[in-house]
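For reference, the structure discussed in these notes is given below.
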Amino acid sequence: MPGSNLNLTCVAEGSPVPYVKWRNGSFDLTPEHSIPVGKNVLQLENIQESTNYTCVAASKLGNIESVTTILVQEFVGVPKNVQTCSLGSSTVVIQWDSPEEHNGQVTGYKVYFTTRPKLPTTDWNTQNIDNGTLAIISDVTPETIYTIRIQALTGTGSGPLSDPVQVETQEGVPSQPLNLLVKFTSSTTVELEWSHPEHSSENVIGYELYWNDTFTKKQYHRSIPPITSYIMSNLYPDILYHIWLAARSKHGEGAPTQPVTVKTDQYLPDEPMNVKVEPISSTSLQVQWKRPANKDKNGLIRGYQIHIQERDENNGSVGAAIRFDVTNEVEEAYNVTGLRPDTTYTVQVATVTWKGDGIHSHPRTSKTKRGEPPRIVTAPRNQTVISGGVASFVCTALGNPKPIIEWRKGNRRLTVPHYTIQEIPDGSVLRIEPEHLKRDKSVYKCLAENGVGEPAYAAVELRVLPKDHIPLGFPLFTVHPRMKAVEKGRTVLLNCQAEGNPTPTITWLKNMIPLNLDDPRLSIIQGTYLQITQAKKEDDGTYECLAENSIGSSFSEQALLYVRVRLVPPRFSTLPEPIYKVVPGLNLNLTCVAEGSPVPYVKWRNGSFDLTPEHSIPVGKNVLQLENIQESTNYTCVAASKLGNIESVTTILVQEFVGVPRNVQTCSLSSSTVVIHWDPPEERNGQVTGYKVYFTTRPKLPTTDWNTQNVDNSTLAIINDVTPQTIYTIRIQALTGTGSGPLSDLVQVETQQGVPSQPLNLLVKFTSSTTVELEWSHPEHSSENVIGYELYWNDTFTKKQYHRSIPPITSYIMSNLYPDILYHIWLAARSKHGEGAPTQPVTVKTDQYLPDEPMNVKVEPISSTSLQVQWKRPANKDKNGLIRGYQIHIQEKDENNGSVGAAIRFAVTNEVEEAYNVTGLRPDTTYTVQVATVTWKGDGIHSHPRTSKTKRGGLGSMDPNLDKNICCCCGEGTAVPQENPLSDLEH
């Protein structure tokens, strides 16, 4: 780990024994003048970086090497500023800042959480976070305090745990209501019953009732009190309903029940509207009505029933009522026949569904018309014809009821095949072709009867002349009609001419029936020509002329008139738009108009399903009425005639509709961060592609002026940089590919009190070798909430970061520092809501102080004029700076241990030297010796005095010219007796 200490021991053998040294890369770590043999121990302190060290063993016989790799494992610090908030009763949101010290890349975090913080953290629940400094813990217990710690992870291990923080979850929303069931059902009501939820039932303040139906295909909602039964009213009969329920507390809506399904009863339909009864003859009445309003249909209409009751003069019922069934469900009129003339009837109409007859309409009274006996209006005229020709008689009659006409020959009804009888308005035509002289010469009767009074009749005589006895003046045709073709809409002229005496009159017949010249398109020109203007297809037929005078009557040859119709295949003249984009529930009419000759039939189809009944397909135009549109689909208009058919497709595109986001919950994660969570909408016709979060501190503004934040693929939003201690109003809107849904209801959240701002004016007031005195001012913002300060520093010696919490003061003395070391110091204020922003670091270097005394000082005489002084350098912690050398202090002593003369000082300038021979002393003389370590700061503490006496000297042992201030060289060290030994060191 970074900052570790380590000894690397390298031992080599050989003969001769090899020298052993250490190298780091190309840099020798062992001084050349002191390379040990056989063994070398490399002492590594405060390791910070990975590197390689090489041990080299060498003798005159060669050298060998061995490499040792120091791999510094990645070290990561503590996650900072851990903040939490409870988002609802079952969710906790946690956010933190990355560690400041991280030797290596942070690959993730581990969140520890528990409700029993005294347990070992190995027994806590955990959640790994791969990428980010935000965690959401779901499914926690409501109204419970959780303790949370965060740990940063690297590629090779994990860092220390953060300090514990605690958060209390909110009171939970209620659980599901229990045992929802349908107790009673009618055609318009459903009675529900349930039990209170198992959990948090004491907090229920109401219930939310939801339902949808298969008729409107919409969802409905109603808030109801905290009861356990409810009657839903004003429902549609014979409709399937899906109903579910959720309990509500002051903290929100709980989980809903599973839907229960119920179908309302079908009841009998309401009475038809606008019933009218009018007499149309002495034996019939016309009944008209309108179907019940949609809301009162109460089922699929199958038809109608008409109830007829005859009444006497006192309005009493006569006999049993007569019932007429109208099985066509779209019919709204019916002619009731077979009634008595001049009789009063009451009429009622009822709608029929699968359930049965509905409510009968209010009775309407009407009286059939008074009966009139038949009377002949147009009597047949006597005719004289030539045998083999044609005879034709026309007879019309009126009466109430309408008379039935019957032809008789003598007293027998005509049934012989060569007699042709055709009905015409109010009458009948008898045609005899060809006539036979003996068989057909007779008197014929036109008999009209209607059950009122006596039948009416008119007699006519048919005289048949032999072909060879045609009298003079008998009508004979000189020009017969000829077959003609005319284009529809044009004018055609048909010609026939006859001669006779007196001049015959000409009558035109079509299909053996006299033409009705009341049609203004038909006219007779010059007494014989038939002119037809604006010819129609119905003018097609067989035409002939009847020439009559007082001598007799004669028929022309028959001629065919063909009206040519210009055939035009169907084509559309009016079509709906190809695409209609609508919202669910919309009503729409699609109009399709087609032209052609003949005019085509027009119908609508949805896929392969025909929407227009086969028995009532309109021609030329068809309007499709669409109500409560819910799904996208295609409708096809088909125009067809005998010349072919054409189609046109209209697409109904139901635009994606999305409901309101639900259960919006908020929490203030810090003074500047708000977390929002919601559930997706229940109703969504299409895929939700994202959400838009609206937030403001001024909710009375239009939402277009609110701040917004888009959320692409989540139901969680984090809003940063909000204002502390401020109420924010929030609304959520769901988005789809084609638009946006409605905004959620307003929710509000108050941000926390802010953490303090930076402390002001941090400066260093005083410095020593082991202390630094700091001074500062309280923060400008939230200073009244400061409960303490967080002091941070690092140094260039240990290369570690340190931290200390201190009271809410404005000065502080840092002690026990390293001398002569550069420190970086910064400060942050702390309130109960967390730690504020830190100051900029200030840089300060501690003073260097004098080193401690050398250790194990020894003094031994080696001659009558010299002493050997030995020592060990001060311990590492006591070096207090880079050692530049040593000073040896020599003081001569008399017999009473008094000082003799001035002390002599010897400077040892080799910093690695640990022994020195002091020369030039007096024989047989006592000296006290002290050793001091020398750094750039000066002499250190003198060692405890050591006493020694030079050896007794013989004659000539003392050089009379030797002055005690003269340098003497001894060993490898150089000692210079000086009055001020620092002067050389300082230069």
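Note: hydrogens, waters and symmetry copies are ignored here, and every other heavy atom, side chains too, is used.
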Could you tell me if the side chain of [Y] sits less than 4.5 Å from the side chain of [X], heavy atoms only?
{"X": "Lys642", "Y": "Leu567", "result": "yes"}
{"X": "Cys545", "Y": "Pro481", "result": "yes"}
{"X": "Thr337", "Y": "Thr283", "result": "no"}
{"X": "Asn495", "Y": "Thr528", "result": "yes"}
{"X": "Phe324", "Y": "Ile322", "result": "yes"}

* Begin with the C-alpha distance, continue with both residues' side-chain angles, and end with the deciding distance and a verdict on salt bridge (Lys or Arg N to Asp or Glu O under 4.0 Å) for Asp539 and Lys488. => CA-CA 9 Å; Asp539 292 329; Lys488 180 182 176 183; over 6 Å; no

* Name of the residue among Ile524, Leu522, Leu494, Leu493 meeting side-chain contact (heavy atoms from CB on, under 4.5 Å) with Gln531 ->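 Output: one option passes, namely Leu493.
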
* Asked: Pick from Val277, Val275, Val347: which one makes a side-chain contact (heavy atoms from CB on, under 4.5 Å) with Trp289?
  ->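 Among Val277, Val275, Val347, the one that satisfies the side-chain contact (heavy atoms from CB on, under 4.5 Å) with Trp289 is Val275.
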
Give a yes or no on whether a salt bridge exists between [X] and [Y], defined as a side-chain N under 4.0 angstrom from a carboxylate O.
{"X": "Lys218", "Y": "Asp213", "result": "no"}
{"X": "Arg302", "Y": "Glu329", "result": "no"}
{"X": "Glu544", "Y": "Arg431", "result": "yes"}
{"X": "Glu548", "Y": "Arg381", "result": "yes"}

[atom1]/[X] to [atom2]/[Y] distance, rounded to the nearest 0.5 angstrom?
{"X": "Leu430", "Y": "Cys395", "atom1": "CG", "atom2": "SG", "answer": "10.0 Å"}
{"X": "Asn645", "Y": "Lys603", "atom1": "CG", "atom2": "NZ", "answer": "8.5 Å"}
{"X": "Ser361", "Y": "Tyr304", "atom1": "OG", "atom2": "OH", "answer": "11.5 Å"}
{"X": "Asn315", "Y": "Thr365", "atom1": "CG", "atom2": "OG1", "answer": "6.5 Å"}
{"X": "Lys290", "Y": "Glu271", "atom1": "NZ", "atom2": "CD", "answer": "15.5 Å"}
{"X": "Lys445", "Y": "Leu447", "atom1": "NZ", "atom2": "CG", "answer": "8.0 Å"}

List for me each residue that meets salt bridge (charged side-chain N to carboxylate O under 4.0 Å, His left out) alongside [X], sequence neighbours excluded, and say none if there are none.
{"X": "Arg605", "answer": "Glu647"}
{"X": "Asp342", "answer": "Lys367, Arg370"}
{"X": "Glu423", "answer": "none"}

* Indicate the ring-plane relationship of Tyr543 and Trp508, choosing parallel, tilted or perpendicular according to the 30° and 60° boundaries. =>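 Perpendicular, since the angle between the ring planes exceeds 60°.
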
* Test side-chain hydrogen bond (donor to acceptor under 3.5 Å, both in side chains) applied to Thr384 and Arg463, step by step -> CA-CA 5 Å; Thr384 301; Arg463 297 188 294 273; 2.7 Å; yes

Side-chain donor-acceptor pairs of residues 618-625 under 3.5 Å, sequence neighbours excluded:
| from | atom 1 | to | atom 2 | distance (Å) |
| --- | --- | --- | --- | --- |
| Asn622 | ND2 | Val602 | O | 3.0 |
| Asn622 | ND2 | Thr612 | OG1 | 3.2 |

Scan the side chains in residues 579-593 for donor-acceptor partners under 3.5 Å anywhere in the protein, sequence neighbours excluded, and list what turns up.
| from | atom 1 | to | atom 2 | distance (Å) |
| --- | --- | --- | --- | --- |
| Tyr580 | OH | Glu577 | N | 3.0 |
| Asn587 | OD1 | Asn628 | N | 2.7 |

Taking the side chain from [X] and the backbone from [Y], do they hold a donor-acceptor pair closer than 3.5 Å?
{"X": "Ser641", "Y": "Leu643", "value": "yes"}
{"X": "His480", "Y": "Glu557", "value": "yes"}
{"X": "Tyr241", "Y": "Tyr236", "value": "yes"}
{"X": "Arg521", "Y": "Thr533", "value": "yes"}

* Write out all pairs satisfying side-chain hydrogen bond (donor to acceptor under 3.5 Å, both in side chains) with one or both partners inside residues 395-406, taking only residues at least two apart or from two chains. =>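 Residue pairs with at least one partner in residues 395-406: Ser282-Asn400, Thr378-Thr396, Glu406-Arg408.
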
* Taking the six-membered ring for Trp, are the ring centroids of Tyr444 and Trp407 within less than 6.0 Å of each other? ->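 Aromatic pair excluded; centres sit 6.0 Å or further apart.
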
